[in-house]
There are 2 protein chains.
Amino acid sequence: MRTEAEPIPRMRAEDRRELVLEAATGVFGEFGYFGATTDQIAKAAGVSQPYVVRMFGTKEQLFLDVLQRALDRLLETFRGVLAQGAGEDLGLRMGTAYVELLTDRGLLLSLMHGFAMGSDPVIGAVTRDGFLQVYKFLREEAGFTPEQVRMFIANGMLVNTLVGLRMSDEYDTNPLAKECLCVALPEKLELVLALRESQR
Amino acid sequence: MRTEAEPIPRMRAEDRRELVLEAATGVFGEFGYFGATTDQIAKAAGVSQPYVVRMFGTKEQLFLDVLQRALDRLLETFRGVLAQGAGEDLGLRMGTAYVELLTDRGLLLSLMHGFAMGSDPVIGAVTRDGFLQVYKFLREEAGFTPEQVRMFIANGMLVNTLVGLRMSDEYDTNPLAKECLCVALPEKLELVLALRESQR
DNA sequence: CGAATAGGTAATTGAATGATTACTAAGGTC
DNA sequence: GACCTTAGTAATCATTCAATTACCTATTCG
């Protein structure tokens, strides 16, 4: 009920931009590129819809920036894990780090929505390239064999799917859902379950 | 240029319905639920847009019917493989059968788009249930261990992702894409490559 | 045959939504 | 303290799209 002149918060464009990117990541992650509206994103970021559009030019460019940011965070995270040593358990540690990225709401789901848009001439090209960047990292920097990469990414896609499906909503009510989550998220299960609270 | 009275093809509603479902599967698979329009689907099926809407009531119901049809085919396919014997190589045979479903254009991709819509109250509930039906089949009918199911489904989701990304478009131009496809699709690689021709 | 039924379409509408335009106010700087 | 740049909004436009309405015309069947 905004009673008195709360000093309307003005930010430097750079900070506001990051704020909008975060909000957009969440909304795109939940509804996908076509399902999300610039107005939803604007409201989530606490700014007006025209401002969102003007900051990024088009909705498509905003989505591309969201994807780029997500990819950057993903690789940055993996590089961080790698920097802590490349032992036997590197795959496990990176897997755990991957699941931890779920706390950055919508980040992995936005990527997943991007992956499903391969036939879009612009977004498809960018997401293909992004996927291959990750593949290249795992092969050349992390030193995985093709087979190790396959298993690692496959499990990542399974995690994405279960999160996208909100399978955790059924954790308490459906034993199969519980088993499914337990086997797919060896550790960090509690993290996924915790996310249930924060959504909706 | 329709010169003379080609006898305008009239079908029994049942056949037409299946035709529209096929077309819708392709369009939803390519563009997703929000990205696809009923007009695109109508054109792909060779009927008018209002007729598509009237046949299914709403776009949402059409998508639900597409998902149900896809799930039915998937389980039917798996049951067919299982009926041919449950040896050591059951997982491999079912994996091959799964990839062969890619010839049913958009079927697996429509499911994947559905999986990304877990937060939709209607579609989410249906896709969660569908996913769990498959999980249940693999555990209880196919006799997989939880770990076997995890690996099987994870690989399926990887296949979906690579197809959704149209990674095969880069097969000839990017060695990493080639390696990636080769390792993820042990057999039936030629099938995925053949699909490149038929699209666009 | 004649009429009912089934398989459709053309025209239109109303709402949603991305984008544009025109404006306003804050705050640093000289 | 005028000034100009930066951060933002309100109003509105143009399109797209799902849905509705009002028809039309083959085919079936008594």
Side-chain angles (χ1 to χ4, degrees), chain A residues 2 4-24 27-28 30-67 110 113 117 120-123, chain B residues 2 4-28 30-67 110 113 117 120-123:
Chain A
R2 185 179 273 277
E4 200 50 42
E6 305 169 23
I8 295 142
R10 255 175 101 126
M11 285 184 179
R12 285 182 327 199
E14 195 185 348
D15 297 343
R16 183 67 79 185
R17 184 187 162 86
E18 173 60 21
L19 212 128
V20 172
L21 275 176
E22 274 174 41
V27 177
F28 279 133
E30 186 166 357
F31 300 104
Y33 175 64
F34 292 111
T37 72
T38 54
D39 196 54
Q40 279 177 292
I41 293 166
K43 282 190 171 54
V47 297
S48 67
Q49 180 263 340
Y51 195 39
V52 169
V53 172
R54 221 190 38 186
M55 255 194 293
F56 295 90
T58 64
K59 180 186 178 181
E60 180 179 72
Q61 188 57 53
L62 170 54
F63 189 56
L64 291 174
D65 287 358
V66 162
L67 290 176
S110 285
H113 280 290
M117 293 183 67
D120 182 282
V122 178
I123 296 172
Chain B
R2 186 178 270 280
E4 200 49 41
E6 306 169 23
I8 294 140
R10 260 174 98 126
M11 285 184 180
R12 284 183 328 202
E14 195 186 346
D15 297 342
R16 183 68 79 186
R17 184 187 162 85
E18 173 59 21
L19 212 127
V20 172
L21 275 175
E22 274 173 40
T25 298
V27 177
F28 280 134
E30 186 166 358
F31 301 104
Y33 174 65
F34 292 111
T37 72
T38 55
D39 196 54
Q40 279 177 291
I41 293 166
K43 283 189 169 54
V47 297
S48 68
Q49 179 262 341
Y51 195 38
V52 169
V53 172
R54 218 188 41 184
M55 253 192 294
F56 295 89
T58 64
K59 179 186 179 184
E60 180 179 71
Q61 188 57 53
L62 170 54
F63 189 57
L64 291 174
D65 286 359
V66 163
L67 290 176
S110 286
H113 280 291
M117 293 184 66
D120 183 282
V122 178
I123 296 172

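Proteins get letters first, then strands, A, B, ... in listed order; numbering begins at 1 in each.
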Handout entry: Pairing residues for A/Glu18 by the salt bridge (Lys or Arg N to Asp or Glu O under 4.0 Å) criterion, not counting sequence neighbours
Key = A/Arg69, A/Arg73
Practice task
Check A/Tyr51 against A/Arg16 and note the closest heavy-atom contact, atom names and distance.
Solution key: CE2-CG, 4.1 Å
Completion exercise
Contacts of A/Glu22 meeting side chain to side chain donor-acceptor pair (under 3.5 Å) (sequence neighbours excluded), chain-then-number -> none
Exercise for the section: Hunt down any stem DNA chain C takes part in, defined as 3 or more consecutive Watson-Crick or G-U pairs whose two distances are each under 3.5 Å. Expected result: C:1-30 with D:1-30
Handout entry: Parallel, tilted or perpendicular: rings of A/Phe63 and A/Phe28 (30°, 60°)
Key = perpendicular
Problem - Nearest-Å distance for atom pair CZ/C1', residues B/Arg10 and C/dG8 - result: 6 Å
Practice task
Look up atom OH in B/Tyr33 and atom NE2 in B/His113, then write down how far apart they are to the nearest 0.5 Å.
Solution key: 13.5 Å
Practice task
Quick one: closest heavy-atom pair of A/Ala24 and A/Val66, and the distance?
Solution key: CB-CG2, 3.7 Å
Problem - Residues that A/Arg54 engages under side chain to side chain donor-acceptor pair (under 3.5 Å), provided they are two or more places apart - result: none
Handout entry: Interatomic distance where CD belongs to A/Gln61 and P belongs to C/dA19 [whole Å]
Key = 11 Å
Problem - Residues in contact with DNA chain C, drawn from residues 11-20 of chain B - heavy-atom cutoff 4.0 Å - result: B/Met11, B/Arg12, B/Ala13, B/Arg16
Exercise for the section: Under the side-chain contact (heavy atoms from CB on, under 4.5 Å) rule, what do B/Thr37 and B/Val27 come out as? Steps first, then yes or no, please. Expected result: CA-CA 8 Å; B/Thr37 72; B/Val27 177; over 6 Å; no
Practice task
For A/Val47 and A/Leu19, run side-chain contact (heavy atoms from CB on, under 4.5 Å): C-alpha distance rounded to whole Å, both residues' side-chain angles, the deciding distance at 0.1 Å, then the answer.
Solution key: CA-CA 10 Å; A/Val47 297; A/Leu19 212 128; over 6 Å; no
Fill in the blank from the handout: The reported gap from CD in A/Gln40 to CD in A/Gln49 (rounded to nearest 0.5 angstrom) is 11.5 Å
Handout entry: Separation of C/dG18 C1' from A/Phe31 CZ (nearest whole Å)
Key = 18 Å
Practice task
Find the distance B/Phe63:CZ to D/dA19:C1' and express it as a whole number of Å.
Solution key: 19 Å
Handout entry: Spacing of B/Glu60 atom CD and B/Asp65 atom CG [to the nearest 0.5 Å]
Key = 10.5 Å
Practice task
Using a 4.0 Å heavy-atom cut-off across all strands, classify B/Ala42 as base, sugar-phosphate, or nothing.
Solution key: nothing
Exercise for the section: Please determine, for the side chain of A/Thr37, which listed nucleotide (C/dA26, C/dT17, D/dA26) has the closest atom? Expected result: C/dT17
Practice task
Enumerate the residues from residues 47-60 of chain B whose closest heavy atom to DNA chain C is under 4.0 Å, giving them by residue number; use none for an empty result.
Solution key: B/Val47, B/Ser48, B/Pro50, B/Tyr51, B/Arg54
Handout entry: Whole-Å gap separating P (D/dA10) and CG (A/Asp39)
Key = 12 Å
